[in-house]
Structures are given as C-alpha cells and as structure tokens.
Amino acid sequence: MIDPRILREEPETVRASQRARGEDESIVDQLIELDERRRSAIARADSLRAEQKQLGKSIGKADGDERETLLAQGKDLAAQVKSAESEQSAAEESFGELHAKLPNVVHPEAPPGGEDDFVTLKHAGTPREFDFTPADHLDLGERLGALSTERGAKVSGARFYFLTGVGAQLQLALLNLAAAQAVENGFQLMIPPVLVRPEIMAGTGFLGEHASEVYRLEQDDLYLVGTSEVSLAGYHSEEIIDLSAGPVRYAGWSTCFRREAGSYGKDTRGIIRVHQFDKVEMFVFCRPEEAEAEHARLLAWEEEMLGKVELPYRVIDVAAGDLGTSAARKYDCEAWVPTQGAYREMTSTSNCTTFQARRLNTRYRDADGKPQLAATLNGTLATTRWIVAILENHQQDDGSVRVPAALRPYLGGKELLQPVS
RNA sequence: GGAGGCUUCGCCUAGUUGGUCUAUGGCGCCGCACUGCUAAUGCGGUUGGGGUUUACGCCCCUCGCGGGUUCGAAUCCCGCAGCCUCCGCCA
C-alpha cells in the first residue's frame, strides 16, 4: 500500500506511475473521493462518541428523575453512535479495498512500458562460441545422471523433477556457495517456514493480480510461498525494529512453490520453469533513504555470484509494466542460455520502498524516536534454475561439464561432472 | 483430536462485586535539579494509531483479535488466535 497522503498531496505522481505501468489511472480519483468520505465519517463518529462519553459520566453521578432523563438520552445517543460507526467502517472498508489494489508508485527513472521495454544496463562476459553442437540442459543432465523430469512427472505431474546424484549435489553446492557469500557479507542466514498465513501472503503483495500463481491449502487456510521473501517480510510484521546500526539483512534458504498458471506451453522442457525449486534469497529492512543505495548493493552481490559460477549475463532495468505489485524498481540479471540463444532470468532484485512494510506494519524509530515505516528489498542469490545455465555454458563435447572453480570446494574438489552412460 | 490455564502501554506487574481506570507500581529509557566526577537521590516525562488544526492544542480508538449485552466493558457473555500443561494419536 502507498501512503494515503501522497494520494491527497501529489495525485499527479500516482497517476503518472499508473500510466507508466499501463494501468488504470482513474483509480486515483476514486481513491481520493473514498478517502474524503472515510475521513468525514471518522470525524462524525468521533464527535458522537465524545458526546456519549460525556453523557455516560454524568449518568454515573446522577440519580432519581434526572437519571431517568439522562438514560433516555443515552439510549438515543447510543443508537446514533452505532449507525455512525457502521458508516465509518463501511467507508474505511471501501477505501481499504481499493487502496489494496493500487500497486506501488514506480521509481521516476524506471523505464515505462511493458515486458519488452526494459533497458539493458550492462553486459558481463561474452556468450561462448561452441565448436560442436551444444546439448540442452535436460540432455546433459540426464547423461550426467543429474536429473529426471520423467520421474518427476510420474510422481507429481508436469513441471516436477528429481535432482539425482550429482544433480542434487550440484544444487546443494550452489546454494551453499550463495549462503556462504551472504554470511560473509553480514547477512543472517534463515531457514523460514514455507507455509504462511493469508495476511502475510497478502502483505507481501502476492494476493492481488498474481493470486492465481500461489498454492493455497484450503483446509488449513495457509499458502505455500513462491519465495522466502514472503516469510522473511513477515518475520518483523507488527514490530518496531532497530535500524540505527544500518540495514538489517537476512538470507533465506527455502523451497519455493509456484502454480505457473497461464504459462501452458512455455518452457515445458527441462527445469527452467517448474512448480517447485530451491532458492537462496536476500531480504533487507532499511530506512527509506537508504533503500536506493542498498538496491545497488544487492545487485552487486547478485553479480558477484554470477561471476563465481562464470556465466555470461546482462543486467536489465525492468520496465514499469513488468514490475510486481510491490516493487518501485527492479533489476534482473539474465544469463546466456546457449541452446535457446537467449538471456534468461537468473536473479531479480526489487526495491519495494515502504509498500510491503505499510501492509505488514514493520517500523523503526527515526532520530527523534518516532516510529516510521521501514523500506524492504529483496534479491536472488541462487536458484535451481542456475543449474540450467551452468550445465549448458560449461559443457564439453564429450558430454562432461566443467565445474566452476568457486563451486569445487562444495563438490569435494570435483573439477568435472562425467556422463554416467 | 480432547481437557485445563494464561494473554494489560519496551519488560515485569496491579486491577475481574461494570461508572473518578483519564489503567497501578517497578525496571529500563529521556529531561531537569542537586553534586569535584561517577554513583545515589528528588522532580517531571515515556504505548501505538487516527481525525482536526497555520500552530499551540483539542478529540477518538487501542488492556491478544472479532462480535455481543449495557446509557456505559480491562471487568459480564460468545467466537477465534497465540503460548503453556496434561491425555490420545502419529513420522
């Protein structure tokens, strides 16, 4: 949720943001109107309650006929208060409902437009020239005995897979490398719950437009997280945290679950797009004025990881229309996938400013000791999908795969993954 | 799955015959006074949110959450949640 004061004081900023996202800007005026209705309802109910309290006190002292008269007045007033209160809550509810639908105000420098309107910020490394026809990650993985999508489909359905043997080891190596880097940089490593309550899922902004992406356990009224961002954002909900020593940084290691609704036919081969994968995710709480600098640091840490696994990649400034509900700005790192001849998303870092914290009520005390809303940011350090890029980019003509030096210590020193068949 | 207990303003805590509860006291924290310094002591302040106001201020809500009874609820009633204890079941 955005600050209702911005709606009142700078409605044009919000309209411009909606235009950049390609979304309805009339919502701004509807909200302003509902806000006015809400505030006048509050004022009416407040003053009636004040009157009722005064009267209540005099009833306590009065007796005899006077008391009877006052009691009758009180009864009448109670009815008025009741109706004013129900109008107040109706007004608050209709404002709140629409308010919750309004996405975060985008950063003024984020490129406007849709998915294809991103701006490329940089390229790192160059796609490798192959003197043989490169195999795709599924063929490679099967030959290495590293993964099985067939068994995944048999046991769980489409978009499920087994990581087997060296594949499972490779994923653990990758995630351990990411976790170690995070810890070195002062992050607190966390293994969070992957089932969360509705208010936490809603608080992170995933129950709006993207609700159909989320697995729900109806019997228990819980949601499976699509990223540990959700659990970590909820970690400090309803709290006032200490940010006086700078940003508070967590690295969450978790399995992530996504329904991938509406992606039928896309990326059906291999493990590029799956219902369940593992990820190490950075998550930061900081003061709003620190958020932009922190966003740059998160991006740098993501690039450091991509460098360690020796992948060519580019960094893009994601266009406004392709931002999530909560993000004001987002940078993706996309690694080269040789058999697709394309860059594919490996990491994504978002600056959510105070949008999530406002819903989750996570605050800090400023220099004057006043509670203020914190900013939240997140960014990927490694996921199962990285295996795709690692296998394809480091393959050799005999079907073996070179292990990047940084991963070797986590694979018992192994330099090469060899085909088993 | 069943039974019982607990939940008060950062922490601990008083308050449960409904009305001066505008929530007690202590710790911690902040300010002031006193004082070679520190400590101790004394005085004052210290939940959070919202509405209104140029401002000072005024007002409303907040005793786990949501309803209800009543002119009036921390206090009575109902539902829910969290924590703890016990019983049952179980990897």
Side-chain angles (χ1 to χ4, degrees), chain A residues 1-9 31-100 155 191-203 216-223 231 234-245 248 255 285 287-288 354-374:
Chain A
M1 279 187 282
I2 69 163
D3 187 345
R5 255 174 317 190
I6 291 181
L7 279 172
R8 275 177 249 159
E9 289 162 18
L31 270 170
I32 290 170
E33 202 180 307
L34 286 173
D35 184 40
E36 265 158 28
R37 186 184 143 207
R38 169 187 144 260
R39 282 183 296 148
S40 71
I42 289 171
R44 247 190 324 274
D46 273 6
S47 72
L48 280 168
R49 264 191 298 261
E51 208 181 318
Q52 185 186 36
K53 278 178 76 170
Q54 283 307 112
L55 187 71
K57 265 174 211 174
S58 54
I59 290 175
K61 291 172 202 153
D63 43 24
D65 284 354
E66 197 192 349
R67 190 179 167 93
E68 289 308 310
T69 319
L70 290 176
L71 276 175
Q73 274 182 40
K75 213 160 188 146
D76 180 49
L77 203 49
Q80 288 185 53
V81 168
K82 198 162 188 168
S83 92
E85 279 178 343
S86 71
E87 191 176 328
Q88 176 182 346
S89 57
E92 283 174 338
E93 195 182 328
S94 49
F95 174 77
E97 234 170 70
L98 196 61
H99 190 198
V155 171
I191 296 180
V194 295
L195 284 166
V196 300
R197 300 168 172 285
E199 62 266 28
I200 300 296
M201 189 55 84
R216 177 167 178 225
L217 278 77
E218 204 165 340
Q219 256 190 314
D220 300 286
D221 202 14
L222 290 168
Y223 292 90
S231 320
Y235 188 68
H236 286 304
S237 62
E238 309 294 328
E239 291 182 25
I240 298 178
I241 59 175
D242 185 5
L243 294 179
S244 61
V248 170
T255 301
F285 295 92
R287 298 188 214 111
T354 58
F355 188 87
Q356 291 179 328
R358 183 168 284 105
R359 295 182 173 202
L360 292 165
N361 200 22
T362 299
R363 293 168 296 164
Y364 70 98
R365 290 189 190 278
D366 65 17
D368 300 325
K370 296 286 287 180
Q372 304 287 356
L373 289 163

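Computed over heavy atoms, backbone and side chain alike; hydrogens, waters and symmetry mates excluded. To find a chain, count down the sequence lines: A is the first, B the second, and so on, and within it residues start at 1.
- Look at the P atom in both rC87(B) and rA73(B): the space between them is 42 Å, to the nearest Å.
- A distance of 11.5 Å separates CD of Gln80(A) from CZ of Arg44(A), quoted to the nearest 0.5 Å.
- Shown here for Pro288(A) and Tyr364(A), the closest heavy-atom pair between the two residues is CD-OH, 3.4 Å.
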Show me the protein contacts with nucleotides 70-75 of chain B, counting only N or O atoms at under 3.5 Å.
residue: rC71(B); atom: OP1; partner: Lys75(A); partner atom: NZ; Å: 3.3

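- Residues forming a salt bridge (charged side-chain N to carboxylate O under 4.0 Å, His left out) with Glu239(A) (at least two apart in sequence, or on another chain): none.
- For the C1' atom pair drawn from rC34(B) and rA40(B), the interatomic distance equals 11 Å after rounding to whole Å.
- Open room surrounds CD on Glu93(A); 12 or fewer heavy atoms of other groups in view lie less than 6.0 Å from it.
- Residue-level contact check: Arg38(A) touches the backbone only, with heavy atoms under 4.0 Å from sugar-phosphate atoms and none from bases.
- Along RNA chain B, the nucleotide nearest Gln54(A) and the nucleotide nearest Pro371(A) are compared for position; the residue whose nucleotide lies closer to the 5' end is Pro371(A).
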Study note, to complete from the structure: Taking Watson-Crick and G-U wobble contacts under 3.5 angstrom, with | marking pairs to another strand and [ ] crossing pairs, the secondary structure of RNA chain B is written ((((((((.[[[..)...(.....]]]((((((.......)))))).(((((....)))))..[[[[[..)....]]]]])))))))....
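- Residues passing the side-chain hydrogen bond (donor to acceptor under 3.5 Å, both in side chains) test with Asp366(A), sequence neighbours excluded: Gln372(A).
- Judged as a ring-ring contact (aromatic ring centres under 6.0 Å, His included), and not counting sequence neighbours, the contacts of Phe285(A) are His236(A), Phe283(A).
- Within the 3.5 Å criterion, the main-chain N or O of Ala357(A) finds no donor-acceptor partner in the side chain of Thr362(A).
- For residues 74-96 of chain A, the ring pair (Phe, Tyr, Trp, His ring centres under 6.0 Å) pairs, not counting sequence neighbours, are Phe95(A)-His99(A).
- Side-chain N or O atoms of Arg365(A) include none that pairs as donor or acceptor with a backbone N or O of Ile240(A) at under 3.5 Å.
- Within 4.0 Å (heavy atoms only), Lys370(A) reaches no atom of the nucleic acid at all.
- The shortest side-chain heavy-atom distance between Ile42(A) and Arg38(A) falls under the 4.5 Å cut-off.
- Look at the P atom in both rU20(B) and rC61(B): the space between them is 14 Å, to the nearest Å.
- Atom CZ in Arg37(A) sits about 18 Å away from atom C1' in rG50(B), given to the nearest Å.
- Within residues 84-96 of chain A, no residue has any heavy atom closer than 4.0 Å to RNA chain B.
- Qualifying side-chain hydrogen bond (donor to acceptor under 3.5 Å, both in side chains) partners for Thr69(A), counting only residues two or more places apart in sequence or in other chains: none.
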Identify each atom pair where a protein N or O and an N or O of nucleotides 52-59 of chain B are less than 3.5 Å apart, giving names and distance.
residue: rU52(B); atom: OP1; partner: Arg39(A); partner atom: NH1; Å: 3.3

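- Comparing rU22(B) with rG79(B), their C1' atoms are spaced 31 Å from each other, to the whole Å.
- rU24(B) and rA14(B) are spaced 15 Å apart, taking the P atom of each and rounding to whole Å.
- Across the C1' atoms, rG15(B) and rC76(B) are found 16 Å apart, a figure rounded to whole Å.
- The side-chain hydrogen bond (donor to acceptor under 3.5 Å, both in side chains) test applied to Arg8(A) returns Asp35(A), not counting sequence neighbours.
- Taking the C1' atom of each, rA74(B) and rA55(B) are spaced 36 Å apart, rounded to whole Å.
- Dashed line: the shortest gap from a side-chain N or O of Arg197(A) to OP1 or OP2 of rA81(B) is not under 4.0 Å.
- Spacing between atom CG of Asp366(A) and atom C1' of rC30(B) amounts to 15 Å, rounded to whole angstrom units.
- Atoms CD (Glu239(A)) and C1' (rG10(B)) sit 12 Å apart, rounded to a whole Å.
- In this structure, CG of Asp242(A) is placed 15 Å from P of rC29(B), rounded to the nearest angstrom.
- Between the C1' atom of rG49(B) and the CD1 atom of Ile240(A) lies a distance of 11 Å, rounded to the nearest Å.
- At least one donor-acceptor pair closer than 3.5 Å links the side chain of Arg359(A) to the backbone N or O of Ala202(A).
- For the C1' atoms, the distance linking rG49(B) with rC89(B) amounts to 45 Å, nearest Å.
- Evaluation of the side-chain hydrogen bond (donor to acceptor under 3.5 Å, both in side chains) rule for Glu92(A) yields Gln88(A) as partners, not counting sequence neighbours.
- Contacts of Asp242(A) classified as side-chain contact (heavy atoms from CB on, under 4.5 Å), with partners at least two apart in sequence or in another chain: Ser244(A).
- When rounded to the nearest whole Å, the span between CZ of Arg358(A) and P of rG48(B) equals 18 Å.
- Regarding Asn361(A), its CG atom lies at a distance of 12 Å from the P atom of rG48(B), rounded to whole Å.
- The CZ-C1' distance, from Arg49(A) to rG50(B), rounds to 10 Å in whole Å.
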